[in-house]
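Both backbone and side-chain heavy atoms feed into the values below; hydrogens, waters and symmetry mates do not. The chain is numbered in sequence order, starting from 1.
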Amino acid sequence: MKLPRTSDTAAKQILDATRVYREYARVRKESQRLKGSLFWKKVGSYEYLAHKVHGKVTYVGPRGAETEREFEEFKQKKAQLQQRARTLKESLETCERMNKAVRAGAVPTPVVEVLRQLEDAGLSEGSVVLGTSALFAYGQPSGVRVEEVASPVHGSVVEDAKQHLQVLLEAPESAIKAALLKLRQAADAIVEVAPAGASGERTYFLVEFKFGRQRELSKCWAENTYWRTLATEMATEIRHAGKFEQVVIGKTGTMVTMRTLDPQFFAMVNHALAEARPATMQEPHVAQCQAVLVDSLIADHLVVSKPPAVECRRAVEGIAQRVFAHG
């Protein structure tokens with residue numbers, strides 16, 4: 001398969017911008033561990049170190065050498081992180097403007113906005129993007145413009161990403177429902193949430209988004225009916241298949257971290273799906289083309305699959321036995 005490559009200018013910008021974003025995300029995550037404020041509070045004739053988070057106050061311990069050291073370390077570390085975050089935020093904004101100028105990104109804006117809202121809600125680390133949008137995560141570090149790859153029959157292999165997104169979330173249902181309003185507004189989408197099974201103590205939900213003008217059309221939603229069934233099977237296999245994590249860039253230059261399926265697992269699932277040709281799937285050619293694209297990225301060492309091939313194959317065979325045989 002011929003792979004359209006990113007320009008040298010855009011490729012360099014992607015590397016530089018990704019490095020800045022990763023550091024910004026690291027500092028932001030570290031800052032979240034230092035939520036709230038520490039202060040001294042008198043209780044009767046004693047003084048205690050108190051920790052306030054979202055209006056709730058808990059007492060760390062009475063004033064003494066240990067709590068005074070903890071107070072000073074907290075104050076110093078938080079000040080350093082805040083200063084570092086401010087500096088990185090300025091660099092990040094510059095990078096995002098440059099991303100747009102050199103056309104470094106191609107991820108549809110609604111997809112980026114959903115992922116950003118999941119980050120803000122603290123749900124991103126338990127997320128797995130399913131389906132077409134994953135191709136952007138594989139293509140970007142490979143220096144391949146996946147949006148320019150076309151199926152001989154149905155055109156762009158990433159067309160569905162403009163209309164539809166599925167995210168498997170390992171999270172409490174209450175946390176997902178609390179984030180729904182902002183998710184709908186950010187992506188201008190119809191959002192549906194459905195239980196997607198469990199694996200051990202982990203409980204999964206499938207969250208589906210139908211974007212913008214496509215909300216009024218039934219075609220896209222109908223074509224993904226089969227994928228909804230497939231997604232419920234993914235929950236039992238995620239830990240075997242592994243996750244792939246990549247900073248991706250949207251069309252507007254905005255960056256966000258996408259967590260999705262391991263590329264080899266993604267390719268194997270799509271090959272199996274194309275071969276099964278389930279009645280509810282109208283475009284097996286697209287699934288096959290997506291699989292071949294990812295195979296090419298792996299074969300050319302442009303993207304790396306972490307789990308052994310035998311584990312991926314075993315996981316896909318398990319899904320095939322439970323679902324594809326009945327498609």
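Residues Leu49 and Trp40 meet the side-chain proximity criterion, which asks for heavy atoms closer than 4.5 Å. With contacts defined as side-chain heavy-atom distances shorter than 4.5 Å, the pair Lys29/Glu125 qualifies. Between Tyr59 and Val43 the shortest side-chain heavy-atom distance falls below 4.5 Å. Side-chain atoms of Leu183 and Leu118, non-hydrogen and from C-beta on, do get closer than 4.5 Å to each other. Counting heavy atoms from C-beta on, the side chains of Phe211 and Val111 come closer than 4.5 Å. Lys41 is not listed as a side-chain neighbour of Glu47, based on a closest heavy-atom distance of 4.5 Å or more. In this structure, Asp160 and Val286 have side chains that are not in contact, with every pair of non-hydrogen atoms separated by 4.5 Å or more. Contact check for Tyr21 versus Thr257: side-chain heavy atoms found under the 4.5 Å cut-off.
More than 12 non-hydrogen atoms from other residues, nucleotides or ligands lie less than 6.0 angstrom from CZ of Arg28. Heavy-atom contacts from other residues, nucleotides or ligands closer than 6.0 Å to NZ of Lys182 number 12 or fewer.
The two atoms that bring Val53 and Gly36 nearest to each other are CG2-CA, 4.0 Å, heavy atoms only. Contact between Met268 and Ala309 at its shortest, heavy atoms only, is CE-O, 3.8 Å. The shortest heavy-atom contact between Val248 and Ala137 is CG1-CA, 3.8 Å. For Asn99 against Gly253, the heavy-atom pair with the smallest separation is ND2-O, 3.0 Å. The shortest heavy-atom contact between Val157 and Gln290 is O-NE2, 2.7 Å. Ala104 and Ile14 make their closest contact through O-CD1, 3.5 Å (heavy atoms, listed as atom of the first residue, atom of the second, distance).
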Residues Gln117, Asp120; criterion side-chain contact (heavy atoms from CB on, under 4.5 Å); working and verdict: CA-CA 5 Å; Gln117 287 299 324; Asp120 290 345; 4.3 Å; yes
Residues Glu96, Lys100; criterion salt bridge (Lys or Arg N to Asp or Glu O under 4.0 Å); working and verdict: CA-CA 6 Å; Glu96 290 183 336; Lys100 185 176 181 180; over 6 Å; no
Leu3/Asp300 under side-chain contact (heavy atoms from CB on, under 4.5 Å): CA gap, chis, key distance, verdict: CA-CA 11 Å; Leu3 302 177; Asp300 292 343; 4.0 Å; yes
Worked verdict on Cys95 versus Gln13 for side-chain contact (heavy atoms from CB on, under 4.5 Å): CA-CA 8 Å; Cys95 286; Gln13 176 58 27; 4.2 Å; yes
Audit row: Glu119, Arg116, salt bridge (Lys or Arg N to Asp or Glu O under 4.0 Å) steps and yes/no: CA-CA 5 Å; Glu119 278 194 354; Arg116 282 167 66 93; over 6 Å; no
Derivation and outcome, side-chain contact (heavy atoms from CB on, under 4.5 Å), residues Leu130 and Leu206: CA-CA 10 Å; Leu130 303 177; Leu206 176 65; 4.2 Å; yes
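Under the 4.5 Å side-chain heavy-atom criterion for Ile, Leu, Val, Met, Phe, Trp and Tyr, Tyr48 and Leu38 are members of distinct hydrophobic clusters. When the side chains of ILVMFWY residues are joined at heavy-atom separations under 4.5 Å, either directly or via intervening members, Val102 and Leu92 end up in two distinct hydrophobic clusters. Residues Met258 and Leu302 share a single hydrophobic cluster, defined by chaining ILVMFWY side chains whose heavy atoms lie under 4.5 Å apart. Under the 4.5 Å side-chain heavy-atom criterion for ILVMFWY residues, no single connected hydrophobic cluster contains both Met98 and Val20.
A search for side-chain hydrogen bond (donor to acceptor under 3.5 Å, both in side chains) contacts involving Glu317 returns nothing, not counting sequence neighbours. Residues that satisfy the side-chain hydrogen bond (donor to acceptor under 3.5 Å, both in side chains) test with Ser305, not counting sequence neighbours, are Asp262, Gln264.
In this structure a side-chain-to-backbone donor-acceptor pair under 3.5 Å is present from His51 to Lys35. Distance alone, capped at 3.5 Å, places no donor-acceptor pair between the Arg103 side chain and the Ala10 backbone. Panel note: side chain Thr67, backbone Gly64; a donor-acceptor pair is recorded below 3.5 Å. In this structure a side-chain-to-backbone donor-acceptor pair under 3.5 Å is present from Arg5 to Ser142.
Atoms CG and CG, from Leu115 and Leu165 in turn, are 6.5 Å apart once rounded to the nearest 0.5 Å. Distance check: Thr109 OG1 to Lys162 NZ gives 11.5 Å after rounding to the nearest 0.5 Å. A distance of 11.5 Å separates CD in Glu311 from CZ in Arg313, rounded to the nearest 0.5 Å.
Of the options Lys75, Lys77, Arg69, a salt bridge (charged side-chain N to carboxylate O under 4.0 Å, His left out) to Glu73 is made by Arg69 and by none of the others. Each of Thr260, Val112, Val158 was scored for a side-chain contact (heavy atoms from CB on, under 4.5 Å) with Phe136, with one residue passing: Val158.
Of the charged side-chain nitrogens involved, at least one lies within less than 4.0 Å of a carboxylate oxygen, so that Glu93 and Lys89 count as a salt-bridged pair.
For the residue pair Ser7/Thr9, the side-chain donor-acceptor check at 3.5 Å is not satisfied.
In this structure, Phe244 has its ring center no closer than 6.0 Å to that of Phe266.
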